[in-house]
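Single-structure report; data block below.
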Amino acid sequence: MNKNEKFVITINRELGSGGRTVGRKLAEKLGVAFYDKVLIKALEEKYKLTVEEIERLKGSKKNWFSDFKRVLSIGPAITSNYSQQLRGDGSSSLTTEEMFKAETEILKGIAEEESCVLAGRSGFFVFRNHPNHLSILIQASMPYRVERLCRKQGLCEEEARKIIDQVDKMRENYVKKYTDTSRYDTRNYDVVITMDGLSEEYVADLILDYFNQRCRETGSFLPTNG
């Protein structure tokens, strides 16, 4: 990998694992933007983006996503505000094939514009052939996930387990339907991390260390905070 060229780090995560927090912290350490599924879905739903509309934007201007971001004033506020409206980690239903295609184009547009960290269901697949891509899977044991979800969302254990089961099935069905693989297939990732006993800060630093090691192959790396 080369930090002097546009890079993309994708993070797939299990609900309740803390993967989104890890992604946000990692982006802060790298000094790049962080985007998650909630934001992408907000763009799709609020602005009714379709593949045809995105193609029109791309055809009219080379830096279409840069202009798009400026018009919409995309930033942390959109992510946090929209997140508060969603239950169960921002996942409620399977998208249609049209939405999947639009989401893919949005993700590619983000990566073409800037280096970034992306947390989303299909990132590992969308960027599987990207020359400067690092793919991460964040997972955790069920007790860890349940406890974290109860603490973060004020749920009882039964409610947390029900939501986790629903989201796990939905995400696996989504990945199988649109990528013809399983999100649990470790061959889709460069790094797989289990969160039990680890803090989000530590894991973000761990990924940063790995990123730096990969960058050393090209003589390009970032300092860690350690």
Side-chain angles (χ1 to χ4, degrees), residues 7-27 34-44 79 83 86-108 110-111 116-130 132-149 152-153 160-196 198 200 203-204 206-207 210-211 214:
F7 62 82
V8 56
I9 299 177
T10 56
I11 295 182
N12 275 59
R13 76 279 184 210
E14 291 184 312
L15 175 61
S17 67
R20 177 181 281 120
T21 301
V22 169
R24 178 177 52 77
K25 288 181 177 292
L26 177 63
F34 172 70
Y35 297 95
D36 64 8
K37 176 64 183 177
V38 175
L39 174 56
I40 302 304
K41 197 168 183 63
L43 294 177
E44 292 171 353
T79 305
S83 297
L86 299 172
R87 193 83 169 191
D89 201 36
S91 302
S92 57
S93 62
L94 288 175
T95 62
T96 64
E97 184 174 355
E98 180 68 14
M99 288 181 69
F100 174 78
K101 291 178 179 178
E103 174 186 302
T104 297
E105 291 302 317
I106 293 171
L107 292 174
K108 289 181 178 179
I110 293 173
C116 56
V117 176
L118 296 170
R121 292 179 292 191
S122 59
F124 76 88
F125 179 81
V126 172
F127 296 104
R128 64 195 182 282
N129 296 320
H130 192 288
N132 215 17
H133 168 222
L134 184 64
S135 181
I136 311 292
L137 173 64
I138 305 277
Q139 60 186 16
S141 68
M142 182 60 75
Y144 179 98
R145 298 168 68 191
V146 169
E147 189 281 328
R148 190 175 189 278
L149 207 61
K152 291 287 185 178
Q153 297 193 18
R161 284 184 177 274
K162 182 178 180 180
I163 290 175
I164 288 173
D165 287 340
Q166 290 176 340
V167 173
D168 280 353
K169 291 177 183 177
M170 184 198 67
R171 287 182 175 175
E172 177 67 354
N173 288 340
Y174 175 94
V175 170
K176 284 185 175 179
K177 180 177 181 180
Y178 294 112
T179 71
D180 197 30
T181 186
S182 169
R183 71 189 186 113
Y184 299 110
D185 188 339
T186 57
R187 291 172 294 183
N188 292 318
Y189 310 100
D190 298 297
V191 180
V192 178
I193 299 175
T194 300
M195 290 294 297
D196 296 61
L198 306 176
E200 289 95 346
V203 172
L206 190 65
I207 298 172
Y210 182 81
F211 175 84
R214 292 283 295 269

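Taking the six-membered ring for Trp, Phe7 and Phe211 have ring centres closer than 6.0 Å.
Under the 3.5 Å distance criterion, the side-chain polar atoms of Tyr189 are matched with a main-chain donor or acceptor of Arg183. When atom types are taken as modelled, the side chain of Asp190 and the backbone of Ser135 share a donor-acceptor pair closer than 3.5 angstrom. Looking at Glu14, its side chain never comes within 3.5 Å of a backbone N or O of Asp168 through a donor-acceptor pair. Listed for the Asn188 side chain is a donor-acceptor partner under 3.5 Å among the backbone atoms of Ser182.
Side-chain contact check for Ile11 versus Arg24: every heavy-atom pair is 4.5 Å or farther apart. Between Met170 and Leu15, every side-chain heavy-atom pair lies at or beyond the 4.5 Å cut-off. Annotation: side chain of Cys116 is in contact with side chain of Tyr35 (closest heavy-atom distance under 4.5 Å). Between Arg145 and Met195, the closest side-chain pair of non-hydrogen atoms is not below 4.5 Å. Two residues are said to be in side-chain contact when any heavy atoms from C-beta on lie closer than 4.5 Å; Val8 and Asn132 fail this criterion. Side-chain contact between Lys25 and Phe34 is absent, with no heavy atoms from C-beta onward closer than 4.5 Å.
For Leu149 against Ala160, the heavy-atom pair with the smallest separation is CD2-O, 3.8 Å. For the pair Phe124 and Thr179, the tightest heavy-atom approach, listed with the atom from each and the gap, is CZ-OG1, 4.3 Å.
To the nearest 0.5 Å, atoms OG1 (Thr21) and CG (Leu26) are separated by 12.0 Å. Annotation: the span from Glu200 atom CD to Leu206 atom CG amounts to 13.5 Å, rounded to 0.5 Å. Separation of atoms CD (Glu147) and OG (Ser141) is listed at 10.0 Å; rounding is to 0.5 Å. Between atom CZ of residue Phe127 and atom CG of residue Leu118 there is a gap of 5.5 Å, rounded to the nearest 0.5 Å. Between atom CD1 of residue Ile9 and atom CD1 of residue Ile136 there is a gap of 6.5 Å, rounded to the nearest 0.5 Å.
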Mind running side-chain contact (heavy atoms from CB on, under 4.5 Å) on Arg13 and Ile193 for me, showing each step along the way? CA-CA 10 Å; Arg13 76 279 184 210; Ile193 299 175; over 6 Å; no
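A cation-pi geometry, defined here as NZ or CZ lying under 6.0 Å from the six-membered ring centre and within 45° of its normal, holds between Arg128 and Phe125.
Between the side chains of Ser17 and Gln139, not a single donor N or O lies within less than 3.5 Å of an accepting N or O.
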